[in-house]
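Predicted model only: the values in this text are computed from it and were never measured. Both ligands and their constituent atoms are indexed starting at 1 by order of listing.
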Amino acid sequence: MSIAPILKAENISKSFGGIHAVSNARIEVPAGSITGLIGPNGAGKTTFFGLLSNFLRPDQGTVQFDGMPIQGKPPHAIAKLGMIRTFQVPRVLSRLSVLENMLLAAQDQAGEKFWNTWFQGKKIANQERENREKARSILESVGLIRMADNYAGSLSGGQRKLLEIARALMTDPKLILLDEPAAGVNPALIEEICSLIHKLNQQGLSFLIIEHNMDVIMSLCDRVWVLAEGHNLADGSPTEIQSDPKVLEAYLGS
Ligand code: ATP
């Protein structure tokens, strides 16, 4: 029996002027899986992420998250439903501390909780304390707690990637779309990031991961989808994909 998809997108297209970045693409991410999205440079992967999470508006297509249509919903509303994305170049605020970056990620949710807690007569200070405790506990679990009071700008490339994942965790996601978690990261930290993803997946979190590092894809993913020139080229297990002549040709051709 196949596992119900937590994310399902069909017929997604996006053009920029005359460039067809994504054409009639589809994807399914089974709940509880680590699914990979690969393809040569310029294949449309990051654009596809933007379309799935509505950072970009598709020209056509449908996206369902957890059985619910989400096209047209703004990214913060999608995050509240449980799907959040990270970026190829981490969007950390360099002049704020690591902990402050974490607290900003909680702000959207806090807005709603503020009124709930107000009406319950709870002090707002309690909410702030809860957020701080949650942020510190997540920083502990991703190995960044020692850096909590450092400027985010002082983090290495790999530590910024960890902070991006940590910030995503502040929203209590069910699915994280990770854009190139290993890019620009030293090998020791790549291993740390991979074991963190594995650990979070064991706890029930699903992932869709764009990555050029095939070792990462092979070691983490249950299933892999391949895009080339904006189209679906193949999907299958990592082993199937690695030996698919169409896929090899697309990479060699690029
Ligand atoms: P990479 O692996 O190099 O990050 P990618 O597979 O993520 O590439 P995209 O960044 O999605 O590919 O780009 C797909 C195509 O769309 C490319 O030809 C790119 O130049 C084009 N493109 C992406 N964003 C824009 C934009 N905002 N305006 C114009 N063209 C764009």
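Under the salt bridge (Lys or Arg N to Asp or Glu O under 4.0 Å) criterion, K246 pairs with D244, not counting sequence neighbours.
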Quick check on ligand 1: any N or O pairs to the protein under 3.5 Å? One line per pair.
residue  : atom   : partner : partner atom : Å
ligand 1 : 2 (O)  : K45     : NZ           : 2.7
ligand 1 : 2 (O)  : H212    : NE2          : 2.8
ligand 1 : 3 (O)  : N41     : ND2          : 2.9
ligand 1 : 4 (O)  : Q88     : NE2          : 3.4
ligand 1 : 6 (O)  : A43     : N            : 3.0
ligand 1 : 6 (O)  : G44     : N            : 2.9
ligand 1 : 6 (O)  : K45     : N            : 2.9
ligand 1 : 6 (O)  : K45     : NZ           : 2.7
ligand 1 : 7 (O)  : T46     : N            : 2.9
ligand 1 : 7 (O)  : T46     : OG1          : 3.0
ligand 1 : 8 (O)  : G42     : N            : 2.9
ligand 1 : 11 (O) : T47     : N            : 2.9
ligand 1 : 11 (O) : T47     : OG1          : 2.5
ligand 1 : 12 (O) : G44     : N            : 3.1

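Scanning all heavy atoms of the two residues, the minimum distance from V22 to G44 falls at CG2-O, 3.6 Å.
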Quiz item: Where do D172 and K80 land on the salt bridge (Lys or Arg N to Asp or Glu O under 4.0 Å) test, with the steps shown first?
Solution: CA-CA 8 Å; D172 299 321; K80 269 195 188 125; over 6 Å; no

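Contact check on E130 versus R132 returns no salt bridge, with no Lys/Arg side-chain nitrogen under 4.0 Å from an Asp/Glu carboxylate oxygen.
Residue pairs meeting the salt bridge (Lys or Arg N to Asp or Glu O under 4.0 Å) criterion with at least one partner in residues 55-71, sequence neighbours excluded, are D66-K174.
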Show every donor-acceptor pair shorter than 3.5 Å between a side-chain atom in residues 180-194 and any protein atom, with sequence neighbours excluded, or say none if there are none.
residue : atom : partner : partner atom : Å
E180    : OE2  : Q88     : NE2          : 3.1
N186    : OD1  : A188    : N            : 3.1
N186    : OD1  : L189    : N            : 3.0

